[in-house]
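Contents: one structure, followed by commentary.
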There are 2 protein chains.
Amino acid sequence: MKMTMKDIAKEANVSTATVSHVINGTKHISEEKHNRIMEVIRKYNYIPNSTAKNLRKQSTKTAGLIVSSFPDSFVTEMIYGAEKRAREMGYNLLLINTNENSSYEKETINLLHAKMVDGIILAPTASGASYLNSFTDDNFPIVLVNRDDPSLKNIPKVTGDNYQTGFDSATHLLKHGHEKIGIIYAVSNVSTTVHRIEGYKDALKKYNLPFNDSYIEQGHATVEGGAEAVKSLLTREKDISALFILNDLMTIGAISKMKELSLRIPKDIALMGFGDFASANIIDPPVTNIVLPPETIGKTAFDVLLSKINNPEYNKHIELPPTLITRKSCGC
Amino acid sequence: MKMTMKDIAKEANVSTATVSHVINGTKHISEEKHNRIMEVIRKYNYIPNSTAKNLRKQSTKTAGLIVSSFPDSFVTEMIYGAEKRAREMGYNLLLINTNENSSYEKETINLLHAKMVDGIILAPTASGASYLNSFTDDNFPIVLVNRDDPSLKNIPKVTGDNYQTGFDSATHLLKHGHEKIGIIYAVSNVSTTVHRIEGYKDALKKYNLPFNDSYIEQGHATVEGGAEAVKSLLTREKDISALFILNDLMTIGAISKMKELSLRIPKDIALMGFGDFASANIIDPPVTNIVLPPETIGKTAFDVLLSKINNPEYNKHIELPPTLITRKSCGC
DNA sequence: CCTTTTTAGTTAATCGATTTACTTAACTTG
DNA sequence: CAAGTTAAGTAAATCGATTAACTAAAAAGG
């Protein structure tokens with residue numbers, strides 16, 4: 001049977017206020033009443049209704065986690081990190097996947113706001129998120145994760161250092177003599193892609209090499225998308241000697257297609273992937289990857305959200321550095 | 001500024017009841033007032049507070065999704081399917097990962113119950129979930145997903161047909177002459193594992209072959225766990241000619257280790273994996289897998305939860321059939 | 001011993017919606 | 001035109017907690 005605090009109070013012959021104080025330890029209650037109340041609570045296995053509590057306290061111990069591309073191994077690990085941290089801190093996470101649909105993103109934020117979540121961790125879609133200003137101006141805590149939106153100022157951010165990611169991977173290939181390096185990416189107009197390409201460009205510049213726009217190919221973030229993209233790119237640009245692929249599924253698709261085309265990796269084309277997917281090490285050839293720590297990004301995003309909740313002035317941008325994992329596919 | 005219905009009512013010179021009726025269409029309101037109210041609502045971008053609504057309506061349009069092993073590609077896709085369906089039906093999903101910790105599972109269900117979620121989709125941990133009876137007896141909608149608990153009766157279930165999965169994969173290997181088939185699994189005492197092994201046993205029986213307990217090896221559900229398990233199993237049982245590995249990461253680890261041990265697949269050992277992970281096709285050799293449809297399982301679980309919410313008597317068990325994807329690793 | 005302070009507990013307002021029961025005016029209808 | 005319906009709107013109860021303000025009794029202080 002569903003028990004309310006009123007029922008407990010009646011059974012224990014006290015007021016609901018007393019019951020509440022016992023439960024929350026907000027006032028000293030005599031040993032005797034304390035015990036009597038606890039007994040009744042245990043007897044009926046009473047658990048206070050959080051919705052009522054939430055309404056009164058104007059806080060829900062729930063946060064929203066809005067991702068834009070799921071399932072994707074990077075995002076999945078990020079979710080894992082955030083959920084784990086949230087749990088440790090006594091929070092629950094509402095998971096929403098906008099699937100790169102920006103109008104759904106906007107809608108969702110309104111919905112979660114109305115649901116009175118204590119804050120939102122948002123991996124935004126490609127279209128700008130300037131509409132967020134009306135929320136942050138109202139002190140509704142939002143933290144951007146993974147993807148940055150440089151136009152937003154009063155908002156904390158947790159991302160990987162994508163510029164460095166692009167710079168380091170390009171430098172690694174350049175160092176080993178590759179001058180014509182192709183890039184395959186999935187999502188346009190997001191900071192993850194844009195910054196990696198910027199890093200790549202600057203690495204070229206450092207080596208006094210020209211940037212060639214047609215070495216950059218877009219495709220779907222799927223195995224098939226990677227296969228198509230690599231075919232289209234390598235058919236068009238025959239002199240490319242190395243590839244940097246910004247998405248794990250696409251990397252897998254690309255390798256598959258290159259085998260089909262009898263292109264040897266790394267002999268004919270060197271290859272670097274992004275993200276440390278489980279099979280990277282046993283694929284033939286094992287894939288050299290540059291990785292950003294998704295779990296840490298997720299965990300940190302939640303910590304930052306908590307900071308923002310506790311201090312509306314908190315607006316740091318935390319950028320986590322990449323790591324290069326050298327295996328066979330780049331021939332280095 | 002945060003607006004309440006009271007503010008809107010005052011500004012529009014009506015009662016909150018009228019505002020509520022306009023918003024919900026629960027009573028006919030004159031054109032004139034209707035427009036006046038809508039205008040004020042738009043002017044302030046007013047969105048009704050769901051927590052208050054939830055408290056009053058005793059429903060939250062939110063469901064809990066409790067998984068026990070995350071991130072895991074199967075579970076991830078299941079989450080994807082469930083979240084997508086939930087969204088389509090106007091629900092949000094609270095995602096919780098119990099990490100195979102049964103006491104945390106119990107705690108979480110109490111918590112979500114108190115949060116007044118409309119129902120829960122639960123992928124239970126290994127330890128029995130008989131404590132669920134007190135919830136289902138109270139008509140709190142819970143559906144079991146992925147893992148079955150046969151001791152629970154008044155509860156709907158959505159699972160893959162794991163018996164058939166074990167039977168079909170064993171039969172496939174037996175048909176091609178393998179008589180000593182090893183199994184590597186991750187989690188004990190869950191229906192997914194138990195039923196697959198039962199199916200495997202029955203397939204052996206059909207071929208009049210004995211079941212050998214020591215062909216069954218357990219390990220951690222990780223790449224490293226798979227590597228260790230395969231080493232331990234193949235060192236102990238030298239005459240095994242085929243392996244069936246029930247987890248994708250372990251499959252990857254096992255292949256990696258077998259390469260290290262200079263065991264050729266499928267020449268020395270044939271191999272079948274479970275679940276259609278992205279890299280299966282480009283791993284060397286491409287992995288033959290038997291798969292159950294995780295996205296469909298997740299989606300169906302949410303549909304079933306909705307059925308259960310609308311009809312407390314709904315207690316079907318939906319079991320989805322496996323598909324065999326033949327590639328090189330089993331040599332068939 | 002009287003005043004002040006502290007302690008233990010309660011009453012009632014509050015959070016922000018929904019909804020039942022009621023009122024008043026307008027409209028039918030025989 | 002009196003009686004019965006219907007329509008449009010509102011007041012107030014309600015959902016189930018928390019908590020400010022209050023009270024009464026006990027303890028402390030002078």
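Chain naming here is simple, since letters A, B, ... match the order of the sequence lines and numbering starts at 1 in each.
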(request) Using modelled atom types only, decide if a donor and an acceptor are shared between the side chain of A:T60 and the backbone of A:M116 within a distance under 3.5 Å. (result) yes

Let's see if you can work this out: which of [options] has an atom nearest to the side-chain heavy atoms of [X]?
X: A:K27; options: C:dT10, C:dA17, D:dT10; result: C:dT10
X: B:T4; options: C:dA17, C:dA12, D:dG9; result: C:dA17
X: B:N24; options: D:dT18, D:dG9, C:dT18; result: C:dT18
X: B:Q58; options: C:dG9, C:dT10, D:dG16; result: D:dG16
X: A:K57; options: D:dT10, D:dT18, D:dG16; result: D:dT18
X: B:L55; options: D:dT10, C:dT18, C:dG16; result: C:dG16
X: A:A17; options: C:dA12, C:dA17, C:dC15; result: C:dA12
X: A:N49; options: C:dA17, D:dG9, D:dA17; result: D:dA17

When we call it a touch if two heavy atoms are under 4.0 Å apart, what does [X] touch: a base, just sugar-phosphate, or nothing?
X: A:K33; value: sugar-phosphate
X: B:H21; value: base
X: B:S30; value: sugar-phosphate

Check the distance between [N]'s [atom2] and [X]'s [atom1] and give it to me in whole angstrom.
X: B:M116; N: C:dT18; atom1: CE; atom2: P; answer: 13 Å
X: A:K6; N: C:dT11; atom1: NZ; atom2: P; answer: 12 Å
X: A:K2; N: D:dC15; atom1: NZ; atom2: P; answer: 9 Å
X: B:K10; N: D:dA11; atom1: NZ; atom2: P; answer: 14 Å

Kindly say if [X] contacts the phosphate of [N], meaning a side-chain N or O under 4.0 Å from OP1 or OP2.
X: A:Y46; N: D:dA17; result: yes
X: B:T51; N: C:dG16; result: no
X: B:S15; N: D:dA11; result: no

(message) Please determine whether the number of non-hydrogen atoms from other residues, nucleotides or ligands lying under 6.0 Å from atom CD of A:E31 exceeds 12.
(response) no

(request) List the steps and the verdict of side chain to side chain contact (heavy atoms under 4.5 Å, CB included) for B:I8 and B:M3. (result) CA-CA 7 Å; B:I8 301 297; B:M3 281 278 151; 4.2 Å; yes

(message) Assess whether a salt bridge exists between A:E39 and A:K43, defined as any Lys/Arg side-chain N lying under 4.0 Å from an Asp/Glu carboxylate O.
(response) no

(request) Check the angle between the aromatic planes of B:F140 and B:F135 and answer parallel, tilted or perpendicular using the 30° and 60° thresholds. (result) tilted

